[in-house]
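As structure tokens, the structure follows; a few thoughts come after it.
Both ligands and their constituent atoms are indexed starting at 1 by order of listing.
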Amino acid sequence: MKIEVVEKNETNLRLIISGVDVPLMNALRRMALAEVPSMAIDEVVMIENSSILQDEVIAHRLGLTPLKTDLDGYNLPEDCSCQSEFGCNLCRVTLTLDAESKEGTRTVYSGELVSENPEIMPVSDRVPIIKLAKGQKLKLEAYARLGKGKNHAKWQPVSMCVYKYFPKIQITSKTCENCTKCVDICPKNVLAMKENKVNVRDLLACNLCMDCVEACPQKPKGIKIEWKKNAFILNIESTGVLPPERILQEATKILDKQLKEFEEQVKVENK
Ligand SMILES: [Zn+2]
């Protein structure tokens with residue numbers, strides 16, 4: 001297996017992975033979506049709400065606000081030694097909000113949430129939670145905990161996790177008359193003219209839609225699109241709760257753990 005990093009920043013990771021197959025790529029994708037834990041608000045105690053939104057709607061909005069996650073400092077409630085319904089300081093973080101509009105209408109943003117652990121804060125302080133008119137108040141206590149995307153989408157650490165086959169584009173100089181039809185039709189601008197010849201400008205952008213092949217008036221076609229059977233482009237976009245490379249590392253760890261459990265079960269069955 002060979003991994004090449006194409007792009008890496010705070011929220012995005014793009015890799016070319018070769019020497020693997022679809023089942024492995026798909027397993028990793030599903031682990032990232034459904035099994036890698038992240039922090040989200042799961043319970044809200046309303047102390048005062050004189051706004052026009054119902055308590056449930058506000059709680060839902062708070063739940064969907066991405067929170068910076070500390071996977072090493074906190075336990076999943078089901079794995080925590082406290083086994084308490086209310087949680088302990090190893091499996092729960094309390095955030096409070098005390099907002100009021102004294103003059104005119106104002107928007108309350110996620111940045112006004114005060115966390116007992118400064119590490120567990122909203123990823124962005126500009127997520128609008130509610131609008132308050134003059135004299136309206138919102139006071140609440142929210143409890144965040146680790147959870148998994150398979151139980152609720154608010155715990156998904158990724159906003160996108162996809163893979164595609166690695167494309168292979170072949171332009172046959174014998175049949176291609178450089179009519180530029182394929183260049184014009186490509187929605188991803190993969191092709192470009194260079195010295196009056198069709199050229200591949202951005203191979204990785206190709207999504208194998210085949211529009212260029214259809215647009216080619218030549219017979220046989222002057223352009224051929226294929227894909228490598230064992231190479232993929234993997235894109236991970238984090239919601240900001242965890243760095244994307246950490247999400248991938250956790251996904252591989254969880255897959256490994258699940259396979260080991262499976263192996264153990266098979267051994268037991270054989271006895
Ligand atoms: Zn606990």
Could you work out the complete set of other residues in the hydrophobic cluster of Ile185, with links drawn between I, L, V, M, F, W and Y side chains under 4.5 Å apart?
none
Applying the 4.5 Å side-chain criterion to the ILVMFWY set and letting contacts propagate, would Val127 and Leu95 be lumped into a single cluster?
no
Report the protein N/O/S neighbours of the Zn ion (ligand 1) that fall below 2.8 Å; do not count waters.
Cys80 SG, Cys82 SG, Cys88 SG, Cys91 SG
For the CD1 atom of Ile236 and the OG atom of Ser159, what is their distance to the nearest 0.5 Å?
11.0 Å
Hydrophobic cluster partners of Val266 (side-chain heavy atoms under 4.5 Å):
Phe262
Apart from Val268 itself, members of its ILVMFWY cluster (side-chain separation under 4.5 Å) are none
With a 3.5 Å distance limit and no angle check, can you tell me whether Ser38 reaches the backbone of Val241 through a side-chain donor-acceptor pair?
no
